[in-house]
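Before I ask anything, let me first share the structure, which is written out below as structure tokens.
Side-chain atoms are counted along with the backbone in the values below, which use heavy atoms only and exclude waters and symmetry mates. Small disclaimer: the values here were computed from a predicted structure and weren't measured. Per chain, numbering begins at 1; letters A, B, ... match sequence-line order.
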Amino acid sequence: MSIIQRSQQWGTFARIWHLYDAKWQDPYLSAERIKMYLMGLYKPIYHPLNDCGDHVVVINSYDIALRGDEWRRRAYFHHTGYHGGASWTMAWEVHKKNPTMIMNKAVYKSMKGNLQRRYSMQRLHIFKDENVPENIMQNISNQIKQLRPVPLRLDEIPPQEVAEFPKLVKYPENYIAQ
Amino acid sequence: MNKIITSVVENIRTFTDVTTVFFIGGALSHRDTAYPVIGMSTNKSLFLKAAFPRAPLNNGIGRYVCQLQRVTLKFCKNNGSSRGMRDFLENDLLNFANENPGVVVYVKPRRHKTPVIVAEYLNGDRFWHSCRNYSREELLKWMEHIRTQAGDMTNVRLRKMWHTSFPSIQGPWTPWTFKNPEHIFAQYPNKEFGQAVQYKPTATEELKRLFKEQQEAKAVQNLTSS
């Protein structure tokens with residue numbers, strides 16, 4: 001095999017590092033997208049027996065958004081193995097203890113039935129904020145698009161811009177109770 | 001006929017006399033001994049060997065080594081089924097032997113039997129083929145086939161039936177194929193590349209658009225009234 005062909009082979013099977021910003025994103029819908037990159041499903045060379053999964057670095061997992069009142073409703077089950085060892089922890093409680101766990105479990109669950117998922121999960125790196133070690137950050141060469149636009153809060157907009165914002169309807173003076 | 005055969009004997013390492021034929025094909029090939037016969041607990045031998053078509057030792061890249069080691073042509077001097085084989089021996093065998101100095105050619109006449117080609121390859125494969133009632137042209141084709149194949153592929157199940165008549169010019173896919181170079185050299189995290197795709201304008205953008213339209217309509221109204 002010539003050097004050109006060998007480097008072509010390396011190129012085709014190279015592992016790419018992707019970045020995903022989980023800010024204001026649904027972890028369960030995001031998991032479906034992250035899964036595509038972790039397993040290499042987006043590649044034309046994909047085959048179930050072909051080890052072509054990529055690395056995904058997830059940042060801002062602390063700022064994920066759950067639907068409705070799922071922070072209070074969704075329970076995470078754990079059993080110690082002993083009698084009476086079952087426990088149900090609410091999502092907000094899990095997130096308080098470990099801000100990466102919900103994201104981690106969501107991705108793991110999205111690959112249910114796949115024998116390779118434990119190995120795919122080893123290529124997933126979740127960070128609660130934007131502080132990623134330099135040796136990981138320098139590998140990244142692609143960013144996965146977010147699913148939903150990140151909303152902008154009113155207090156994040158400069159006050160001048162708020163004052164200049166166009167008013168279509170003129171409300172009466174006493175419309176807003178002071 | 002005999003005259004031609006004897007001339008063949010002189011030119012190539014050929015034996016025309018049945019009693020002096022040196023035939024190597026009787027030995028077991030590697031495939032016959034691949035699985036133990038006694039105490040066999042698997043039924044692997046019942047299935048075809050699965051393989052990919054491949055060139056041994058990157059044959060053909062840089063240099064080519066003919067994988068055919070020796071070929072034995074067996075025929076009858078009288079029988080009609082060997083007529084094409086006899087024509088081939090008379091007309092084409094010398095050319096074949098001259099063009100392929102690395103191949104040992106044996107010719108073995110035997111009475112009242114079907115003509116046969118037996119080819120042996122560098123990987124130990126033995127390819128047996130009956131040439132009953134074959135014409136000279138068919139034999140030319142088969143000799144070319146035997147010369148160019150790398151081993152016996154008749155008892156092999158191909159793992160993949162992938163084939164292309166037009167091999168790719170730009171080469172196989174890589175993660176950087178069709179990729180915007182900006183994405184490779186950008187600073188990450190990158191807000192522009194990471195943000196969600198918006199297909200519809202947001203409520204804020206829609207409000208701004210409405211306001212602009214309103215202002216423009218007002219301006220037009222002022223112009224017409226004045």
**Q.** Side chain A/Gln8, main chain B/Pro172, donor-acceptor under 3.5 Å
**A.** yes
Q | A/Lys43 side-chain N/O to B/Pro175 backbone N/O, donor-acceptor pair under 3.5 Å | A | no
Q | Region of A/Phe165 that comes under 4.5 Å of a non-hydrogen atom in chain B | A | side chain
Q) Does some side-chain heavy atom of B/Trp176 sit less than 4.5 Å from a side-chain heavy atom of A/Ile16? A) yes
Q.
Counting only heavy atoms not in A/Arg73 (residues, nucleotides, ligands), do more than 12 fall under 6.0 Å from its CZ?
A. no
Q) Considering residues, nucleotides and ligands other than B/Arg63, do more than 12 of their heavy atoms fall under 6.0 Å from its CZ? A) yes
(Q) Take a 6.0 Å sphere around NZ of B/Lys160 and say whether it holds more than 12 heavy atoms from other residues, nucleotides or ligands. (A) yes
**Q.** Residue B/Glu213 excluded, over 12 heavy atoms near CD under 6.0 Å
**A.** yes
Q: Begin with the C-alpha distance, continue with both residues' side-chain angles, and end with the deciding distance and a verdict on side chain to side chain contact (heavy atoms under 4.5 Å, CB included) for B/Lys191 and A/Asp21.
A: CA-CA 9 Å; B/Lys191 210 170 182 185; A/Asp21 190 353; over 6 Å; no
**Q.** Which atoms of A/Leu19 approach chain B - backbone, side chain, both or neither, heavy atom under 4.5 Å
**A.** side chain
Q: Compare every heavy atom of A/Gln143 with every heavy atom of B/Tyr188, then report the nearest pair and how far apart it is.
A: CD2-OE1, 3.5 Å
Q.
Does any part of the side chain of B/Thr174, heavy atoms only, come nearer than 4.5 Å to the side chain of A/Phe13, both counted from C-beta?
A. no
(Q) Counting only non-hydrogen atoms closer than 4.5 Å, does B/Lys212 touch chain A with its backbone (N, CA, C, O), its side chain (CB onward), both, or neither? (A) neither
Q. Where is the tightest heavy-atom contact between A/Lys145 and B/Phe193, given as atom of each residue plus distance?
A. NZ-O, 2.9 Å
Q.
Between A/Thr12 (side chain only) and B/Trp173 (backbone N and O only), is there a donor and an acceptor less than 3.5 Å apart?
A. yes
Q) Under 6.0 Å from the OH atom of A/Tyr42, do we count more than 12 heavy atoms belonging to anything else shown? A) yes
Q. Taking atom CZ of A/Arg15 as the centre, does the number of heavy atoms from other residues, nucleotides or ligands within less than 6.0 Å exceed 12?
A. yes
Q. More than 12 foreign heavy atoms under 6.0 Å from CZ of B/Phe211: is that the case here?
A. yes
Q | Enclosure of B/Tyr64 OH (heavy-atom neighbours >12, cutoff 6.0 Å) | A | yes
Q) Do the non-hydrogen side-chain atoms of B/Lys179 and A/Asn142 ever get within less than 4.5 Å of each other? A) yes
Q) Can you check whether A/Pro149 reaches B/Thr202 side chain to side chain, under 4.5 Å on heavy atoms? A) no
